[in-house]
Each structure stands twice: as C-alpha cells, then as structure tokens.
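Encoded as structure tokens, the structure appears first; notes follow it.
One-based numbering, in listed order, for ligands and for the atoms of each. Note that this is a predicted model, so its numbers are computed, not measured.
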Amino acid sequence: MVDLPLKHHWMQLPREVIVGNGTIERVPEISLRLGFTKSALIVAGSKTWDIAGKTVKALLEEEGLEVNTFLVESATVKDVEAVEEKIKVLKPHVVFGVGGGTKIDVAKLSSAHQEIPFISVPTTASHDGIASPLSSVKGFEKPYSVLAQAPIAIIADTNIIMQAPWRFTISGCGDVIAKFTAVKDWKLARDEINEYYGGYAASLALMSSKLVMQNAELIKQESEEGLRILLEALISCGVSMSIAGTSRPCSGSEHLFSHALDMIKPTHAMHGEQCGVGTIMMTHLHRANWRRVRDTLRKLGAPTNAFDLGIEKEDVIKALEMAATMRPERYTILNKLRLNNETCERLAKMTEVI
Ligand SMILES: [Zn+2]
C-alpha cells in the first residue's frame, strides 16, 4: 500500500488583534513589537486620512519611523498597481490600510503582491474585509474577491468607528448574518459534489452569525458594547476565511445575489445590506426560518426588501436569475434548484422582498 501524503493546508492568521476605545494609541507599540521599527507606508482615503491616517502617521513618527502616505479614492487594479510602485520605491517595513472597505482592500492586495506585511486599521465596520485574507478590487474579470494575505495585525478603535454613520455598522451586521446561508451552501457542496468542508472554519462563521443575531437589540442601540460584538464577529469571519483558505465559510448564494445586483446596476445600497436581503431569500430556499432572518434585520433597521435597497422589483428577479452564473465553481443551493424567471419571482414574493 502506498502512503499518500495529505495535501498541505496553509493557514495565515493575524498575530495581534486589538479592539476597543482608543486602541489607535497602541499602533506604535504593536508596530515595534512586530519588528517594524524603521519605516511604514500608510494607504488611506482623503476622509480616512483625516479621521485616523494622520494620527497613525504622527504616532509612528514619534517612535522614529519614517512614514510615507499614499491616498487612494477607489479600489481598482490601477490603484493597486500605483501602490505597488510606491512600495517598490520606498521598500517600507509594513503597509497600513486605514479606512473602510476600499482602502484596506488596496493596501492588502498591493502589500501581498510585494510580500510586505499589512496592518488593518478599520474606520468602519461595514464588512468582513477588515480582517479577511481577501480583497475585492474592480478591474479583474471576476466581480468577487481574490486571495491576498491576512493582516498581521488588526487595530480596531471603537471610538473612531463610532463616528461613522451607524448605517455602516448595520451593513456589517448584514454581512455577518449572511454566514448563516453561506455555511449551509458549503455543507450542501460537501454533500452534493464532495467539496472540501472545514468544520472549524464553518463553525466559527456560523457562530459569528448567531451572536450578531442574538445581540441585535444591543447593536441597534448604537452602543459601544454592540459595536464590539459586531467587530469581534467580523474579525472571527475574517479568521474563518484564513482557516479555510477561501471565502467559502463567509460567502454563498446570498453573496452571489449581491454580486449579481452589483453587475445589473450600481445601487446606493451597501454590500452588507444587499447580502442581508439575499440571506432572507436563500434561507427560504434552504427551507430554514427566513422570517427569523428578516425580523432580525428589521430589528436592526437594515433593509429587508427591494424598496429599502432602492431598487426595482425587476432588478431583484434578474439578480436572482443571474446569481448562479456569477461564480460557476461555487456550488450553492442555486445550482441545486436551478431557478427560472418564474420561480425567482415567486421566491422574492414569498419572502416579501418584492
Ligand atoms: Zn461579504
């Protein structure tokens, strides 16, 4: 009998995670502890520069680091390339991504390409990209995120994040609640097409979803305690993706619906808001309690239907029809059920999304 070696499973995890009021003050301490003593590059947007970027710069400079800044306003392949050029010239010890989604995505992917460690300093809690090893960048042929690298540290200052509109935080809740159907889709892929399924990664993502749902009342009150629960959930989701080595535990059919919606037309709705509405419908397809998902989102003040998202009924039906084609290799309940125009419409109506 030949001994077949098991495939190597590589997990890249954050080493320092610090969440709480005023944690930005600890940027230099963490930076020095990780051995980044000489130089740093801060990637931020003009707004997030004012909110947190300049503070990070000043704090690091006090410790004698040479700090450069690169401001980006979007997250395109071009932005990533521009930051990479900057990294090649400056050769910083570490790259900081200071911002909500886009700035962190650009910093994460460019630093990964240049093999420089990356520290995440989120200014909002709107999605799980603040802690995940994946980046969502426009300009690739794929509308979803690509593997980059896990942040070596995550420094989430609740005092800063509390200053962002609460809608961002509620959107983050939608992105976490979405793990309920993402994990169901992953299990389905294991059962139907024998896909690799990681029990630890799946449990972690599912637990985050449950905790946010259980604490909806607290989060709704716009309290720091509620925000901390969400941040820890988002970070756990990021870690679950690091453990799995893919976005599988955190992104299923509900995310495909959101990606399809992004392709159909640019909406003013946020990623987590779209995923939340997707979760209501996909929960129904999985024959689970969609009303509980809907009621929790409603309690949080998150969108639960087309009107709330600011889109037409037709857009919902079209996105549902398109969703299964968004990412053919990702098997979900949509592959199993193969909805047509009529069944898509029925699903959206049944779940009161249209
Ligand atoms: Zn997401």
Does a donor on one side chain sit under 3.5 Å from an acceptor on the other, for Asp185 and Ser253? yes
Closest to the Zn ion (ligand 1), which N/O/S atom of Asp175 is it? OD1
Is there an N/O/S atom in Cys250 at a distance below 2.8 Å from the Zn ion (ligand 1)? no
Between Lys318 and Glu321 (salt bridge meaning N to carboxylate O under 4.0 Å), is one present in this structure? no
Just wondering, is there an N, O or S atom on His271 that's nearer than 2.8 Å to the Zn ion (ligand 1)? yes
Over 60° means perpendicular and under 30° means parallel, so classify the ring planes of Phe36 and His93, tilted if in between. tilted
Hey, are Gln149 and Ser111 close enough side-chain-wise for a donor-acceptor pair under 3.5 Å? yes
